[in-house]
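First up is the structure itself, then whatever we jot down about it.
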Protein chains: 2
Amino acid sequence: MARRAPAPTKPSPTDLDARKATILEAVVVEHIRTAQPVGSSSVAATVNLAVSPATVRSEMVTLEREGFLVQPHTSAGRVPTDKGYRFFVDHLKSGVLGSAQQHQVKEFFANVRGEVEDVLEQTSMLLTQLTNYTSVVVGAGHSHSSILSVQLVNLDARHQLLVSVFSDGSVVKHSVMAPFDVTHEEVAEASKQLNALLINTTLESRVQVPSRSDHVATLVREAVSLLHAEKPTTDGEQVFIGGSSRVAEVFQGVETVRKVLSILEQELLVVSLVQDILDQGLSVAIGSENGYEPLSACAVIVAQVTIDGAPAGAVGLLGPTRMKYREALAAAHVVSEHLTRRFGGEEQHG
Amino acid sequence: MARRAPAPTKPSPTDLDARKATILEAVVVEHIRTAQPVGSSSVAATVNLAVSPATVRSEMVTLEREGFLVQPHTSAGRVPTDKGYRFFVDHLKSGVLGSAQQHQVKEFFANVRGEVEDVLEQTSMLLTQLTNYTSVVVGAGHSHSSILSVQLVNLDARHQLLVSVFSDGSVVKHSVMAPFDVTHEEVAEASKQLNALLINTTLESRVQVPSRSDHVATLVREAVSLLHAEKPTTDGEQVFIGGSSRVAEVFQGVETVRKVLSILEQELLVVSLVQDILDQGLSVAIGSENGYEPLSACAVIVAQVTIDGAPAGAVGLLGPTRMKYREALAAAHVVSEHLTRRFGGEEQHG
DNA sequence: TGTTAGCACTCAATTGTACAGAGTGCTAAG
DNA sequence: CTTAGCACTCTGTACAATTGAGTGCTAACA
């Protein structure tokens with residue numbers, strides 16, 4: 001559940017004998033709990049291995065040599081590296097949510113009302129509340145939805161508004177600026193033609209636009225090209241980011257906070273961050289794995305939402321590399337499953 | 001320009017003789033520049049009063065007694081209080097933008113394209129770029145716009161989408177859930193009736209809904225009530241916040257950063273913050289003046305945008321109380337004027 | 001051969017002290 | 001009213017000494 005990409009056969013370099021694994025795990029757990037370097041005696045005490053600190057120490061030397069741990073300085077305890085966290089996460093037995101939280105999620109999904117956008121936004125708040133981390137909810141783009149209705153509305157003689165409704169319930173508007181004055185009748189006619197042309201097509205469909213040069217035909221051409229130009233920008237994807245203030249509690253160091261926030265400001269970037277992680281087949285990206293240098297102090301958890309088995313958005317959580325992976329993973333999965341269930345079968349509405 | 005609320009007659013308690021004013025101003029300027037407590041000798045050196053530090057000192061004692069300055073501790077320099085900043089801002093001769101920035105603004109408004117929302121969002125980025133502070137752009141609600149078109153679209157037998165277009169170019173959608181299966185014909189008929197009913201009304205108009213109990217009439221009633229229920233929530237106001245990452249650079253102290261960010265997360269709250277300040281007739285709210293305890297370390301600058309003289313949105317800047325008022329005020333005003341000009345006369349479009 | 005107790009060593013963090021410097025308030029003289 | 005002079009207060013810094021956590025190594029042991 002925590003890892004999907006690597007082949008099921010365990011490659012030797014990332015594998016460890018049982019004791020090393022136990023020790024590494026203990027270090028990670030303890031460091032997540034305390035945010036402090038973890039020493040050998042603390043590990044020896046925590047773990048049921050019944051070995052002395054000295055033994056732990058010599059194992060830790062190996063773990064450090066292999067890149068799972070680092071010492072901030074001589075005579076300090078050890079801290080996990082990204083690789084250390086990766087091992088930990090890969091070997092994490094998937095946890096379940098606390099029953100109180102489980103209840104909270106049920107409650108939430110039983111009661112949310114409103115447009116899809118509202119539900120997604122509130123979901124991101126829910127995730128933040130559950131985990132105390134910054135959350136991201138990405139709604140599906142409508143590139144695969146078919147067009148249910150197109151309408152051209154007159155604002156004034158030169159300006160029209162193209163309003164398109166998609167089968168996923170999304171509505172998109174485009175301003176049309178006519179190079180000439182148009183009458184209401186012409187707009188109505190163009191509207192009618194557009195409907196005939198576009199209904200039941202998707203944004204990916206090719207359509208045959210009229211080549212005449214009269215007002216109506218020009219309007220129609222203009223409208224179609226605006227609509228089809230939609231894709232390159234955002235594909236109509238919607239992003240909802242919740243709890244960005246948590247960034248300030250969770251990272252120490254103003255500079256880190258600033259860098260992370262300024263990434264979060266760029267919603268398109270967040271979308272591609274989430275997408276990249278999913279494309280790699282991961283559900284957790286730790287430190288440098290996420291590909292954005294300013295986020296090298298972060299771990300990102302993602303869980304896909306599907307509609308009829310096809311990817312249709314995702315939820316994500318962003319925290320420090322020493323985040324509470326088990327809980328956060330559980331929360332992300334539970335929430336994504338609820339979303340999948342909600343949007344999966346029935347169309348959902350207020 | 002910097003102050004509008006207080007009566008034009010100067011009330012004595014907030015007034016100071018020329019020398020005290022000069023000294024206070026010097027302290028404020030210096031503290032804004034250095035973020036350090038300002039000592040008497042530094043003031044004596046800066047100012048053209050040709051007085052000794054000792055004199056400055058004795059004046060400062062008075063200024064402190066009257067609440068314009070405070071000492072962080074004995075034997076430290078002085079720091080302005082909110083009241084001190086208020087005096088400073090009230091007596092600020094309105095500055096002008098640097099010519100490079102002036103140019104940048106012109107350039108920007110000459111080139112922005114796209115929907116109103118896009119323009120406003122980009123404007124907030126512009127403001128942040130100009131000032132290095134977090135910026136807020138509030139778009140007008142459409143409560144006073146008239147309805148140009150209403151359309152009911154069938155998603156499936158039980159679910160319809162109500163799409164309304166307003167004269168200000170905004171589009172709003174509502175999900176309608178019918179308590180019975182409806183046919184395409186019924187939807188089309190309801191759509192027609194809704195148009196007849198609502199076109200050229202505003203959300204504040206009362207309309208006569210059909211009282212019959214057939215499918216179409218029920219749909220119409222449902223749609224109208226959904227549409228009219230819109231207001232209490234947000235009035236359709238749009239908020240665009242730019243540069244929230246600047247919060248992390250501009251305030252020291254994690255706790256302050258967290259508090260400010262968590263206010264910024266609540267967009268409705270930001271809208272009312274801006275509105276409150278405007279309602280007080282202020283263009284700057286310093287520290288506790290803004291009414292939100294978590295923002296007591298902040299100053300907020302606002303400038304209204306008008307359409308045909310009527311209030312229609314605002315731009316704002318949020319920084320520390322020791323923000324660069326002159327520059328920020330200039331930027332806010334220039335930008336708000338550009339917006340006013342753009343939206344004021346002509347309807348604007350892509 | 002793997003484990004462990006013992007030990008010397010390292011380094012960060014803390015404490016205490018001394019000192020310099022910035023800035024004040026007060027006073028007395030101009 | 002202004003200001004020079006001065007004693008005083010408080011912070012910040014530098015430095016040394018101390019503490020303590022934690023290590024690496026080695027030699028003994030099972």
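In what follows, every chain begins at residue 1, and chains take the letters A, B, ... in the order their sequences are listed.
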Reading DNA chain D from 5' onward, which residue's closest nucleotide shows up sooner: S75(B) or A50(B)?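 Whichever sits nearer the 5' end wins; that is A50(B).
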To the nearest Å, give me how far apart CD (E64(B)) and P (dG23(C)) are.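 Rounding to the nearest Å, CD of E64(B) and P of dG23(C) are 15 Å apart.
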Write down the distance between CZ (R57(B)) and C1' (dA22(C)), rounded to a whole number of angstrom.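 Rounding to the nearest Å, CZ of R57(B) and C1' of dA22(C) are 11 Å apart.
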Check whether any side-chain heavy atom of [X] sits under 4.5 Å from a side-chain heavy atom of [Y], and report yes or no.
X: V284(A); Y: L329(A); result: yes
X: S244(A); Y: L261(B); result: no
X: E66(A); Y: L16(A); result: yes
X: V27(B); Y: M60(B); result: yes
X: Q101(A); Y: T131(A); result: no
X: I32(A); Y: R322(A); result: yes

Going by heavy atoms closer than 4.0 Å, what residues in residues 38-48 of chain A are next to DNA chain C?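 Going residue by residue through residues 38-48 of chain A, none turns out to have a heavy atom under 4.0 Å of DNA chain C.
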Between residues 22-35 of chain B and DNA chain C, which residues have a heavy-atom gap below 4.0 Å?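 Nucleic-acid contacts, sorted: none.
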Look only at the side chain of T134(A) and the backbone of G243(A), and say whether a donor-acceptor pair between them is shorter than 3.5 Å.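 Checking the backbone N and O of G243(A) against the side chain of T134(A), a donor-acceptor pair under 3.5 Å is found.
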Test salt bridge (Lys or Arg N to Asp or Glu O under 4.0 Å) applied to E249(B) - qualifying residues, sequence neighbours left out: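 E249(B) satisfies salt bridge (Lys or Arg N to Asp or Glu O under 4.0 Å) with R258(A) only.
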If the condition is salt bridge (Lys or Arg N to Asp or Glu O under 4.0 Å), which residues does D279(A) pass it with, not counting sequence neighbours?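 Checked D279(A) against salt bridge (Lys or Arg N to Asp or Glu O under 4.0 Å); zero matches.
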With respect to the phosphate group of dT3(C), does any side-chain polar atom (N or O) of R19(A) fall under 4.0 Å of OP1 or OP2?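 R19(A) to dT3(C) OP1/OP2: side-chain N or O found under 4.0 Å.
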Residue list, side-chain contact (heavy atoms from CB on, under 4.5 Å) with V51(A), at least two apart or on another chain: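 If we apply the side-chain contact (heavy atoms from CB on, under 4.5 Å) test to V51(A), skipping adjacent residues, the hits are R19(A), L49(A), T55(A), V56(A).
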Earliest and latest nucleotide of DNA chain D, 5' to 3', sitting under 4.0 Å from a non-hydrogen atom of chain B?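 Under 4.0 Å from chain B, the extent on DNA chain D is dT2(D) to dT11(D).
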